[in-house]
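Take a look at the structure below.
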2 protein chains.
Amino acid sequence: MQAECAGDAVKLNGREYPCTVSLAMDLVGGKWKTVILYHLKETSKRYSELRREMPDITEMTLSLQLKQLEKDGLVSRAVYGEKPPIKVIYQLTDFGKTFIPVLDAVTAWGNFILKEKGEVVYRS
Amino acid sequence: MQAECAGDAVKLNGREYPCTVSLAMDLVGGKWKTVILYHLKETSKRYSELRREMPDITEMTLSLQLKQLEKDGLVSRAVYGEKPPIKVIYQLTDFGKTFIPVLDAVTAWGNFILKEKGEVVYRS
DNA sequence: CGGGATCCTAGGGGATACTG
DNA sequence: CAGTATCCCCTAGGATCCCG
């Protein structure tokens, strides 16, 4: 497993990165993208379900992040209905599913950190 | 494997996150941190080696990122010598080494993306 | 119901120059 | 050799309100 980290740069969709790991982190980095992917991991969901399951994300940020995930091909969006109430379903694409092993590794590591040195802020 | 993504927030070093995956991504997110960790994966290295191996990062950004990685306990810094030329060695801490499986997963995924839909910008 | 428009700001990251 | 000091720009992400 040799990442392109030594001299050559890599390019995807017009964006350029110093290394493939950097490219990967750009697709799923930030505060919310992995969280969203985590919630879509098992099953497709509607917009309102995602909102309910992530109370702290604002509507604007949620739809913005979803749009970026869609643009990068990780998530697909399907609209049902013409007039309100309409229904919008989000799900992982085949490409998005290739991220699941990474997501599992990140999740396991995040939980490990929490156990070792973090704390839970109870809300319930 | 259940991440804390449903209601409760998590906290580490005063920073609060909606989910453990989000916490993990904050420690290693951004354009450079994973690249630096990748270069420190096998062996410890001096500052100048890191610089040589990552020609595109500026000195300021490199030392800033190293400082953050050190603060978050992923990397340790050791100084040898009193007066210039001094020698500074960076290496993964034990905690930093727990990130390696994740790094490998991210690297593999990044390489996969490159192969499927990216392109290499040759410099040599 | 599922967003968009607008405005705002914190900080990540670059450029250039200098130093113990 | 291994950084700092400044300065500056740009994007992620939040707040608030509005719409088909």
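Lettering of chains follows the sequences in order, A, B, ..., and the numbering in each one begins at 1.
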Between Tyr47(A) and Tyr90(A), what is the ring plane arrangement, given parallel below 30°, perpendicular above 60°, and tilted in between? tilted

Could you give the CZ-to-P distance, from Arg46(A) to dG3(C), as a whole number of Å? 10 Å

Quick note, Met60(A) side chain, CB onward, closest among dG13(D), dA15(D), dC1(C) is dA15(D)

Ser48(A) vs dG2(C): side-chain N/O to OP1/OP2 distance below 4.0 Å: yes

Between Lys67(A) and dG3(C), is there a side-chain N or O to OP1/OP2 distance below 4.0 Å? no

Residue Trp32(A), side-chain heavy atoms: nucleotide from dA2(D), dG14(C), dG14(D) that is nearest: dG14(D)

Between Tyr17(A) and Trp32(B), does the ring centroid distance fall short of 6.0 Å? no

Of the listed dA2(D), dG14(D), dG2(C), the closest approach to the Val88(B) side chain comes from dA2(D)

Ionic contact status for Asp72(B) with Arg15(B), cut-off 4.0 Å: yes

Which nucleotide in dA15(D), dG3(C), dG2(C) has an atom nearest any side-chain atom of Glu59(A): dG3(C)

Distance, rounded to the nearest Å, where Leu62(B) contributes CG and dA2(D) contributes P: 11 Å

Looking only at dG14(D), dA2(D), dG4(C), the nucleotide nearest the Lys87(B) side chain is dA2(D)

What's the shortest heavy-atom distance between Thr107(B) and Thr20(A), and which atoms? O-OG1, 4.5 Å

Nearest to side-chain heavy atoms of Arg77(A), which nucleotide of dG3(C), dG14(C), dG3(D): dG3(C)

Between P of dG11(C) and CG of Leu64(B), the distance in whole Å: 13 Å

Check whether any side-chain N or O of Arg51(B) sits under 4.0 Å from OP1 or OP2 of dA2(D), and answer yes or no. no

Here's a test of your reading of the structure: between Tyr47(B) and Gly29(A), which maps to the more 5' nucleotide of DNA chain D? Tyr47(B)

Measure from the side chain of Lys31(A), starting at C-beta and using heavy atoms only, and say which of dG14(C), dA2(D), dG13(D) lies closest. dG13(D)

Between Ile86(A) and Gly30(A), which residue's closest nucleotide on DNA chain D lies nearer the 5′ terminus? Gly30(A)

Can you figure out which of dG3(D), dG14(C), dA12(D) approaches the side chain of Gln68(A) most closely? dA12(D)

Rounded to whole angstroms, how far apart are CG on Asp72(B) and P on dG12(C)? 11 Å

Would a 4.5 Å heavy-atom cut-off, applied to side chains only, mark Gln91(A) and Val75(A) as touching? no

If you compare all heavy atoms of Lys11(A) against all heavy atoms of Glu16(A), which two are closest, and at what distance to 0.1 Å? CE-OE1, 4.0 Å

Interatomic distance where CG belongs to Asp26(B) and P belongs to dG11(C) [whole Å]: 11 Å

CG of Leu66(B) versus P of dA2(D): gap in Å, rounded? 12 Å

Would you say a side-chain N or O of Thr61(B) is under 4.0 Å from OP1 or OP2 of dG14(C)? yes

dG4(C), dG14(C), dT4(D): which one has an atom nearest the side-chain heavy atoms of Ser63(B)? dT4(D)

Counting only side-chain heavy atoms from C-beta out, which of dC1(D), dG13(C), dG14(C) sits nearest to Gln65(B)? dG13(C)

